[in-house]
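Notes follow once the structure below has been shown.
Atoms considered below: every heavy atom in the structure, side chains included; atoms not considered: hydrogens, waters and symmetry mates. Worth saying up front: this structure is predicted, and the values here are computed from it rather than measured.
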Amino acid sequence: MTKTPHLTMSDIRKEIDRLDESLIKTLAERQRWVEKAVVVKKRDGLPARDDARVRQVIDHVRVLSRAHNVDPALVETMWTEMVEWFIAYEERSM
């Protein structure tokens, strides 16, 4: 484990809060792109769910998780939940 001789829990919590904000901003950006996808799917008569794309996204984040030393099970669980939420969001919007 990496030594952190001068860090306090307050320092760590502040950094975690900063990262949480960054994640939320990125999630908001992702949602804006999903909203653009809704417009295109409506226009082109495409369904909200594309199972091949879902598998592609999950496979891709699994690879990314390994490359960045994050537990693939955590990433797969989080992304599966997020993707399913966005599919439901698209269905409600269509």
Side-chain angles (χ1 to χ4, degrees):
M1 177 165 273
T2 304
K3 292 185 180 185
T4 53
H6 301 301
L7 281 176
T8 66
M9 280 309 300
S10 179
D11 296 332
I12 292 167
R13 288 176 178 149
K14 189 180 294 183
E15 186 64 14
I16 289 171
D17 290 346
R18 184 192 66 75
L19 290 166
D20 286 347
E21 182 175 359
S22 177
L23 288 168
I24 295 299
K25 287 178 180 178
T26 300
L27 188 57
E29 182 180 0
R30 191 183 200 285
Q31 183 172 330
R32 300 297 84 80
W33 282 102
V34 168
E35 290 164 354
K36 292 175 190 336
V38 167
V39 172
V40 170
K41 288 179 179 184
K42 278 182 178 180
R43 182 194 69 205
D44 296 350
L46 299 170
R49 177 176 293 282
D50 178 344
D51 288 329
R53 175 63 178 151
V54 171
R55 283 189 302 277
Q56 180 185 39
V57 168
I58 300 304
D59 289 345
H60 180 67
V61 297
R62 211 180 288 122
V63 169
L64 289 173
S65 70
R66 288 185 187 102
H68 294 282
N69 199 29
V70 179
D71 186 332
L74 169 64
V75 171
E76 184 172 352
T77 298
M78 291 175 65
W79 253 258
T80 298
E81 183 69 25
M82 180 178 63
V83 167
E84 290 300 325
W85 189 93
F86 276 120
I87 289 169
Y89 177 82
E90 287 183 21
E91 289 172 342
R92 288 189 306 272
S93 299
M94 294 170 77

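You'll find the side chain of K36 reaches within 4.5 Å of the side chain of W33, heavy atoms only. Between D11 and E15, the closest side-chain pair of non-hydrogen atoms is not below 4.5 Å. In this structure, the side chains of L23 and L27 stay at 4.5 Å or more apart for every pair of heavy atoms.
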Per-pair distances, 0.1 Å, donor-acceptor, side chain in residues 78-86, under 3.5 Å, sequence neighbours excluded:
from, atom 1, to, atom 2, distance (Å)
T80, OG1, E76, O, 2.7
E84, OE1, R49, NH2, 2.5
E84, OE2, R49, NH1, 3.3

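Linking ILVMFWY residues whenever their side-chain heavy atoms come closer than 4.5 Å, directly or via other members, leaves V40 and M94 in distinct clusters. Note on I87: it does not cluster hydrophobically with V38, by side-chain heavy-atom contacts below 4.5 Å among ILVMFWY residues. Tracing side-chain contacts under 4.5 Å through hydrophobic residues (I, L, V, M, F, W, Y), one never reaches V63 starting from V70; they form parts of separate clusters. I12 and L19 fall into different hydrophobic clusters, where Ile, Leu, Val, Met, Phe, Trp and Tyr residues are linked whenever their side-chain heavy atoms come under 4.5 Å apart, directly or through other members.
Checked against salt bridge (charged side-chain N to carboxylate O under 4.0 Å, His left out), E21 has the following partners two or more places apart in sequence or in another chain: K25. Checked against salt bridge (charged side-chain N to carboxylate O under 4.0 Å, His left out), D59 has the following partners two or more places apart in sequence or in another chain: R62.
Across all non-hydrogen atoms, the minimal contact from P72 to R66 is CG-CG, 3.8 Å.
A salt bridge links E35 and R32; the closest N-O separation between the charged side-chain nitrogens and carboxylate oxygens is under 4.0 Å.
Counting heavy-atom neighbours within 6.0 Å of R13 CZ, excluding the residue itself, gives a total of 12 or less.
The CD1 atom of I58 lies 9.0 Å from the OG1 atom of T77; values are rounded to the nearest 0.5 Å. Rounding to the nearest 0.5 Å gives a distance of 11.5 Å between NZ of K14 and CG of L7.
Under a 3.5 Å cut-off, the side chain of D71 and the backbone N or O of A73 do form a donor-acceptor pair. A donor-acceptor pair is defined here as one N or O able to donate and one able to accept, closer than 3.5 Å; such a pair exists between the side chain of K41 and the backbone of A48.
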